[in-house]
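Quick notes on the structure that follows.
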Amino acid sequence: QVQLVESGGGLVQAGGSLRLSCAASGRTFSSYAMGWFRQAPGKGREFVAAMTWSGDSRWYPDSVRGRFTISRDNAKNTVSLQMNSLKPEDTAVYYCAGRNSKGRYSITAPSGYDYWGQGTQVTVSS
């Protein structure tokens with residue numbers, strides 16, 4: 001079992017920055033990749049970023065590429081999401097997620113992830 005706890009959400013003005021962190025505990029050595037998703041009210045869960053624990057691969061959708069950066073600190077078992085140039089449409093609850101294997105689901109698919117954090121709210125005001 002792996003437990004994930006997010007932190008770092010909050011309220012920020014458009015154009016500002018926030019850094020989210022996800023602390024992982026438990027059997028993290030069995031993980032293949034970590035990802036970030038977000039969910040705005042009335043919408044489905046949207047892929048934001050992902051990376052392998054080895055650090056050799058990273059993925060971003062066009063909506064955040066160049067503004068968001070995912071990184072990890074293996075020694076501390078944490079994964080972070082640096083968010084710059086935030087826009088009001090980035091407002092959502094952000095979730096950290098992990099997957100144990102490459103599997104048959106795309107890295108962007110929520111169903112491919114095995115464990116999730118509780119989420120942290122990010123609000124960007126215009």
Side-chain angles (χ1 to χ4, degrees):
Q1 283 285 55
V2 177
Q3 294 78 42
L4 303 176
V5 178
E6 302 99 334
S7 60
L11 173 64
V12 65
Q13 288 189 330
S17 298
L18 279 176
R19 186 177 181 87
L20 305 183
S21 292
C22 174
S25 60
R27 296 173 61 87
T28 57
F29 59 86
S30 64
S31 296
Y32 162 70
M34 299 294 293
W36 286 93
F37 290 78
R38 66 188 180 188
Q39 189 164 16
K43 295 189 176 181
R45 198 158 290 192
E46 177 189 14
F47 171 71
V48 174
M51 69 178 298
T52 52
W53 268 114
S54 65
D56 58 358
S57 295
R58 287 176 170 83
W59 297 267
Y60 302 96
D62 290 343
S63 58
V64 307
R65 186 175 289 112
R67 299 189 298 122
F68 290 10
T69 302
I70 188 172
S71 61
R72 91 273 187 248
D73 183 332
N74 286 352
K76 296 182 179 179
N77 275 351
T78 59
V79 177
S80 297
L81 184 69
Q82 178 66 42
M83 306 185 294
N84 299 329
S85 302
L86 283 162
K87 305 175 182 180
E89 51 263 44
D90 294 319
T91 295
V93 177
Y94 282 69
Y95 297 90
C96 175
R99 57 195 290 167
N100 292 326
S101 65
K102 199 171 184 179
R104 60 187 178 96
Y105 292 102
S106 166
I107 199 71
T108 65
S111 54
Y113 289 76
D114 302 295
Y115 36 89
W116 294 81
Q118 81 289 351
T120 185
Q121 176 70 46
V122 171
T123 303
V124 184
S125 63
S126 57

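Computed from a predicted structure; not experimentally measured.
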Residue pair [X] / [Y], side-chain heavy-atom distance below 4.5 Å:
X     : Y      : result
Val12 : Thr123 : no
Trp36 : Cys22  : yes
Ser57 : Trp59  : yes
Arg99 : Tyr115 : no
Val79 : Trp53  : yes
Gln82 : Phe68  : no
Phe37 : Thr108 : no
Arg72 : Met51  : yes

Residues forming a ring pair (Phe, Tyr, Trp, His ring centres under 6.0 Å) with Tyr60, sequence neighbours excluded: none

Nearest 0.5 Å please: distance from the [atom1] atom of [X] over to the [atom2] atom of [Y].
X      : Y     : atom1 : atom2 : answer
Ser125 : Leu11 : OG    : CG    : 5.0 Å
Gln3   : Ser25 : CD    : OG    : 4.0 Å
Thr120 : Leu81 : OG1   : CG    : 11.0 Å

Pairwise salt bridge (Lys or Arg N to Asp or Glu O under 4.0 Å) hits with a residue in residues 48-62, at least two apart: Asp62-Arg65

Any pair counted as salt bridge (Lys or Arg N to Asp or Glu O under 4.0 Å), so long as it reaches residues 40-53, sequence neighbours left out: Arg38-Glu46

Inter- and intrachain pairs under disulfide bond (SG atoms under 2.5 Å apart), touching residues 47-89, at least two apart: none

Short side-chain donor-acceptor distance under 3.5 Å, Asn84 and Ser17: yes

Qualifying residues under side-chain contact (heavy atoms from CB on, under 4.5 Å), relative to Val122, sequence neighbours excluded: Leu18, Leu20, Met83, Tyr94, Val124

For Glu89, all residues meeting side-chain contact (heavy atoms from CB on, under 4.5 Å), sequence neighbours excluded: Lys87

